[in-house]
Asker: 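Pasting a structure below so you can have a look.
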Number of protein chains: 2
Amino acid sequence: MTGQVRTVDGRVAGRRGQATRQKLLECLSEMLSSSPYRDVKVIDVARMAGTSPATFYQYFPDVEGAVLELAEEMAKEGATLTDLVAGRTWTGKPAWAAAEDLVDGFLSFWRKNDAILRVVDLGAAEGDKRFYKIRMKILNAVTNSLTDSIKELQSKGRVDKTVSPAAIAGSLVAMLAAVAAHQKGFQSWGVKQAELKPNLALLVHLGVTGKKPTK
Amino acid sequence: MTGQVRTVDGRVAGRRGQATRQKLLECLSEMLSSSPYRDVKVIDVARMAGTSPATFYQYFPDVEGAVLELAEEMAKEGATLTDLVAGRTWTGKPAWAAAEDLVDGFLSFWRKNDAILRVVDLGAAEGDKRFYKIRMKILNAVTNSLTDSIKELQSKGRVDKTVSPAAIAGSLVAMLAAVAAHQKGFQSWGVKQAELKPNLALLVHLGVTGKKPTK
DNA sequence: AACCTAATCTGACGCTGCGTCAGTTCCTCT
DNA sequence: AGAGGAACTGACGCAGCGTCAGATTAGGTT
């Protein structure tokens, strides 16, 4: 399915090649964590990986291309976010637990991948379809599942007919992503990590069910 | 208050200087709208402004410095966002109107300034205090006002004691900012601009008051 | 009008990073 | 061991960076 890893000039990469490629990606990731995206240079990544710039270009067209690769990797791993919402019950006490777990999983996923995610966010906001698609891939699992849950509640008459499940779900997920991206910001605002979570869960619960949670 | 505009080497800029400086900022803004932040070069901005790179460096230390200037300008204008929330009533029908107006104002402000805002967002997420401060400046007016409203409802017993007004307000504002930044994204998701607004308003209302709106 | 001075602009330079290519080194298989 | 493909890199021409010394301009003065 994945198709073999190929060099820029189309050759199939072998064991050694894969290794350097991977090392380059790791170094890029580290670089992204420590310096502004605008300042990440091919030459720095290559130096950090103990190789030459020319080698970098053997595996990636440019920094952006490598970032996309990194993002793709992350998106695959991000598929596990589905577990946070799949098959959850959105009524009564289980709903509160579902909201809490969703928030928790989301925030920690974001914290773990914040460097790449903010680049993906930027790319998507700038209208780059490739980044946009990746962002979708990550958020879609959660959004779709939430959308379905809301639709179901709606069909049972527990949620107002006028709301658009997709809009609500999308907005809630966007909220989670935004708060996650600026977690540090909240802290210096006087909001502690610990009190952030339950309040986010509350908002999620309110959004999905339209009601206050029973804890 | 503002202190005169100064060149990089500390001289006070006169009429002509101000004009070119302004023109450079305009061209930068246009550039930011049309190409990825990473690809915006001093030389391009200078060319577009019909001047030389050296002139650019007379007024700004680098691209980032100029972007900060642009952002500062925008933040000043963004102070008008306060009007969207100041002195609003968050009970009954007026609450729904307040939520609607807030969403509406927020989205259009963001749409108007999307290019600079996404760079500010990036800078803030990367931990750059200067960008972070500007982001704060814009969001604070709204957040603080919302926080106060929630506190007030809380003191009247209309909102649960356990919620943290600051956390809720901050999250809601983050949501608005995030949705605004990815407005186009929502459309290709199958959510129309027109149905996005009332649903966002609903979420804001739910978050602030804890109750469904009476329209 | 001719002149002066401070403000403003720019050509030119050395430097760093980009992206490519031809040639070298390394590995693997026979 | 040696053939051949995989992997790496030195070197190059080009583009953008940031600086400086010197040219140009505006606008006031005599």
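Lettering follows sequence order; numbering is per chain, from 1.
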Asker: Return yes if some donor-acceptor pair links the side-chain N/O of A:Glu77 with the main-chain N/O of A:Met74 below 3.5 Å, else return no.
Answerer: no
Asker: Under a 4.0 Å heavy-atom cut-off, which of residues 9-19 of chain A touch DNA chain D?
Answerer: A:Arg11, A:Val12, A:Ala13, A:Gly14, A:Arg16, A:Gly17
Asker: Taking any heavy-atom pair under 4.0 Å as a contact, classify A:Thr7: base, sugar-phosphate, or nothing.
Answerer: nothing
Asker: Taking only side-chain nitrogens and oxygens of A:Thr51, does any of them come within less than 4.0 Å of OP1 or OP2 of D:dT9?
Answerer: yes
Asker: Counting the atoms with a prime plus P, OP1 and OP2 as sugar-phosphate, which does A:Phe60 contact under 4.0 Å by heavy atoms, base, sugar-phosphate, or nothing?
Answerer: nothing
Asker: OP1, OP2 of D:dC8 versus side-chain N and O of A:Thr20: anything below 4.0 Å?
Answerer: yes
Asker: Output the rounded distance in Å from OH (B:Tyr57) to C1' (D:dA21).
Answerer: 18 Å
Asker: From C-beta outward on B:Asp62, which listed nucleotide comes closest to its side chain: D:dG18, D:dC20, D:dA7?
Answerer: D:dG18
Asker: NA contact type, B:Phe56, heavy-atom cut-off 4.0 Å: base, sugar-phosphate, or nothing?
Answerer: nothing
Asker: I'd like to know if A:Glu126 pairs up with B:Arg38 as an ion pair, taking the criterion as any Lys NZ or Arg NE/NH1/NH2 lying under 4.0 Å from an Asp or Glu carboxylate oxygen.
Answerer: no
Asker: Whether the side chain of B:Glu72 engages the backbone of B:Val67 through a donor-acceptor N/O pair (distance < 3.5 Å, no angle test) should be reported.
Answerer: no
Asker: Find the distance B:Gln58:CD to D:dC20:C1' and express it as a whole number of Å.
Answerer: 11 Å
Asker: Is it the case that the side chain of B:Thr51 and the backbone of B:Thr55 share a donor-acceptor pair, with hydrogens and angles ignored and the cut-off at 3.5 Å?
Answerer: no
Asker: Would you say the side chain of A:Arg88 lies within less than 4.5 Å of the side chain of A:Asp101, judging by non-hydrogen atoms?
Answerer: yes
Asker: Tell me whether B:Glu195 contacts the main-chain N or O of B:Lys192 through its side chain, where contact means a donor paired with an acceptor under 3.5 Å.
Answerer: yes
Asker: Tell me what A:Arg47 touches on the nucleic acid: a base, only sugar-phosphate, or nothing, going by heavy atoms under 4.0 Å.
Answerer: sugar-phosphate
Asker: Restricting to non-hydrogen atoms, name the atom on A:Val85 and the atom on A:Val142 that form the minimum distance, rounded to 0.1 Å.
Answerer: CG2-CA, 4.0 Å
Asker: Walking along DNA chain C from 5' to 3', note the first and the last nucleotide with an atom under 4.0 Å from a heavy atom of chain A, and give both.
Answerer: C:dG17 to C:dT28
Asker: Using a 4.5 Å cut-off on heavy atoms from C-beta on, say whether the side chain of A:Met31 contacts that of A:Tyr37.
Answerer: no
Asker: Does A:Arg38 or A:Ala54 map to a spot on DNA chain D nearer the 5' end, using the closest nucleotide for each?
Answerer: A:Ala54
Asker: Let me see the working for A:Arg47 and A:Asp44 under salt bridge (Lys or Arg N to Asp or Glu O under 4.0 Å), right down to the final yes or no.
Answerer: CA-CA 5 Å; A:Arg47 267 202 275 263; A:Asp44 296 322; 3.7 Å; yes
